[in-house]
Amino acid sequence: MSENKKLLSSLKLLILINGAIIKWNNDTLDMDFLNPFGWENNIVPSNDDDAIIDINDILVVGLENEIHINSLLLESNSRMTSIQPFTTKDNITIGINSYLLSKFTKARLISNYGKFNGGHYPNSSLLDTTINSFGNAQVNFINSSEMVTIVESPSNFYQTSQMVIGNSNAYFFNTSSINLYDQSKTNYYSSTIRHLSFSHINLYNNSQFSIDNSTLLIKNGNQFNFNDQSIFLTLNSEIIIQSNNSILKISSSSLNLNQQQQQQKQVNSTSTTSFKNDDNDDVVFNQTNLYSTDGGEILINRNSNFLNSILISNGLNSKTTIFDSDYSIIKLSIIYSNDNGEINIGNNLNTIINDSIIVTQDGGKINLFKTIIAHNVSIEISTSQSHLNLKPSSKMNLNGGSKIKVSNGANFFLSENSLLNLTNSELLIDKNGSFFQNGPIYLISNNKFENRFKFHISSNILTTLPISSTSSISSSTTTFSSTTTTSTTTTSTTATSTPKTTSTSSTSSTSKFYNNLINNGIVFIKNLNQKILINTPIINNGTIMVESNCFFSNYHQNSNNSILVIKSDSTIDSNENIHLKAGKIYGTGRINTSIIHDYGELGSRNETGILNITGDYTLSSNGLVVIFINSLSDYTQIRINETAILKGDIEIIISNKISTSKLIQLDVVNYHDLDKYSITFRKVRFKTFNPETGLEINGHDCARSISTDRSFSVVLIDCQSPISTGVIIAIVCGIVFIVIVVASTYHFKKSISKRLKNSSIVIKLKKTKTNNNQKNEEEEEEEDNKNDNKEDEIENVNQIEIIEIIEIIENNNNNNSNNNNNNNNEINNVNN
């Protein structure tokens, strides 16, 4: 206080030096400033005079005419008010406990130690004036309901001085910045305040800005900067940062919480009944709408609290970033990005979001960094080119009924080395939505996971967290410790081995929703660098494209429209059987388990492929195997490493572009063993396919089938040759003759029955292995016989080394003439 008095004394000296001094001397009546009876010697101060008012309890007023003087000194406890324009060439000094109310004010400098009121009238203004406030001084613009304009008038506040704007419609123009130092304050309440054209707000030290029930617009390149440990408090207000280069920047404070303090913050955040700010360094948004629009930018890298608030980024180049502080707590709030606006959220420890809504639309982008903990949060990404992106090496934990929905051309990106944990939550890729999963997903318990459009899988989907993650994620709360960043490193090592499924996986697969991956759209599985593990049951009602090695813990295919396509010679591993109950499975690759085929089709009607099944294959009476023969070198092959149980039908579709001048045998289905109760395929149907028109017709005049206990083959003949039927008969007779010779050499006496009727033939060959480097005389004699009958040659995919038994069995058909004219499309194959 003594320093303020010294400064006032020096200011008095300056006034004395500058010109004539006229002092107010009326101490009995309130009087007009321009009334001569109020002044010494009855002289009213003029343009070049310096006025001094040093009277207690007397109000000097300017009522009717404008006041223009050189300077004004209001001594302590003095009061003056003017409703007419009041200008000074030099300074206005407002002493301690003094009061100046001026409706229209212009001065070089207002040195304020008391109270300067620039409002109290519907219209008021401050023009080309610098205000410096000290001590407990106040600058108030109150009750200017129509407009208060501050033009080219910067304000500086020191010590505990403050500015208050209330019940007003205020405009700050042309470098009318507000600067707060020390413990000074600015309070906006029940007002609309616009900072335009480089009228910045800057807070330093421990100064404070509060806004209550007001709208604050920062526009045209203005900046709102919080530095040091300045405090920002909002309640029931809107803060709009509009146009390019307009910025709200809340810089980080020097205070960093330790782990114990951070955990206590998280425990407090789980309660939605209270919202208390115990740390003065926190920036608090309470019932506040915070906008960045039309290129405006909001940058908060300080611990922040949002309650019942809305955070909006709207328009191209608009950006809101909450980043690089210890934590942020967002409760009962809305985060909204649209029209190419961008929102970035990520803090060094955690970002905690409870009971809130996150929406991005119309090209908006929301990027999440580091650790996000969401409890009962609804996240909706919709409309074209809208994005939700969990950035690399980040983690998001959804629980407590949270939901992510992607739809209408929007995308959800789970970046590489990031991970998504779901507990009691839902992930829905809805109509026209896409999910690109490049990091692991953990479905902990009671989750609903459904794809209705496009789901790109490039990483694991697991049901158990890595050990490093389970130690840092509480199963009962949403609390993470500060040491959870190691979980992503264990993911890559987990992916190198195939997990063993437990009995619970089969049990959970019967659940309609929870912890199953339900596909009603298209799923793409591709990662060329690692094997993808899907350790949750898959219920496929759509299309799954497998383009790299993967593991399915449990797979069911139930819809007539469902398809599983294996490409790029990929391998599907599983500890459970693959269940084909409807739809199709086809492609080129390997299935390292058994297939139970109840309904639907194995094989494609318009694509060839080589499908290897390392386990058993069980075809029920309602299932169908489809073989597509595009050319003599391009045709479907199904290879079964174990036992084939074949009780259903096979359909063979052959291109009408195929022609041959000799007999060709194509082994289309191979198996290690044929179940003793199977009769190969129940029915064999041939169809002819026109690749130019895409049309199919029943039957094929040049195709027959042959089955053995190791394979099922298609024989193609030369339909143009008049001896085609005779060729088959001659070949069969030649084979029979060879068998007789071989059988007699080995002293085997077998009954060979042959009855030929038409050219529909079933041959059962029983083969034994021999040493390829040794040829006996019988084989050489057999080869000589074949060379002598070259026109009767059969080309086999699998070479027959020694034939012990051949049975030629005619099809039961009493109508010989019909058989000669019409080649059968259905052939009954009979096993021993």
Are the charged groups of [X] and [Y] less than 4.0 angstrom apart, N to O?
X: Lys405; Y: Asp430; answer: yes
X: Asp324; Y: Lys370; answer: yes
X: Lys531; Y: Asp573; answer: yes

Can you check whether [Y]'s main-chain N or O pairs, donor with acceptor, with [X]'s side chain at less than 3.5 Å?
X: Thr543; Y: Ile522; result: no
X: Ser246; Y: Gln242; result: yes
X: Ser214; Y: Ile211; result: no
X: Thr288; Y: Asn286; result: yes
X: Ser356; Y: Asn354; result: yes
X: Ser386; Y: Gly363; result: yes
X: Ser237; Y: Leu235; result: yes
X: Ser191; Y: Tyr188; result: no
X: Gln557; Y: Ala582; result: yes
X: Ser168; Y: Ala170; result: no

Next item on the list: Flag the pair Phe209 / Phe224 as yes when their ring centroid distance falls below 6.0 Å, and as no otherwise.
Entry: yes
Distance-minimising heavy-atom pair for [X] and [Y]:
X: Ser402; Y: Val377; result: OG-N, 3.0 Å
X: Ile250; Y: Asn301; result: O-OD1, 2.6 Å
X: Ser328; Y: Ile322; result: OG-CG2, 3.2 Å
X: Val546; Y: Leu564; result: CG2-CD1, 3.8 Å
X: Ser445; Y: Asn447; result: O-ND2, 3.1 Å

Parallel, tilted or perpendicular, as decided by the 30° and 60° cut-offs, for the rings of [Y] and [X]:
X: Phe369; Y: Phe323; answer: perpendicular
X: Phe524; Y: His456; answer: parallel
X: Phe285; Y: Phe232; answer: perpendicular
X: His195; Y: Phe172; answer: parallel

Among side-chain atoms of [X] and [Y], is any donor-acceptor pair under 3.5 angstrom?
X: Ser292; Y: Thr320; result: yes
X: Ser394; Y: Ser418; result: no
X: Ser199; Y: Ser177; result: no
X: Asn314; Y: Ser318; result: no
X: Asn202; Y: Asn225; result: yes
X: Arg194; Y: Asn169; result: yes
X: Ser415; Y: Asn438; result: no
X: Asp355; Y: Asn376; result: yes
X: Asn424; Y: Asn399; result: no
X: Glu238; Y: Asn289; result: yes
X: Lys395; Y: Asn421; result: no
X: Asn347; Y: Ser325; result: yes
X: Ser458; Y: Asn527; result: no
X: Gln208; Y: Asn206; result: no

Check: How about Phe436: does its CZ atom have over 12 heavy atoms from other parts shown lying under 6.0 Å from it?
Finding: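 Yes.
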Answer whether the closest heavy-atom distance between the side chains of [X] and [Y] falls below 4.5 Å.
X: Gln437; Y: Leu427; result: no
X: Ile441; Y: Phe449; result: yes
X: Glu547; Y: Lys567; result: yes
X: Phe412; Y: Ile404; result: yes

Item checked: salt bridge (Lys or Arg N to Asp or Glu O under 4.0 Å) involving Lys391 - partner list, sequence neighbours excluded -> none
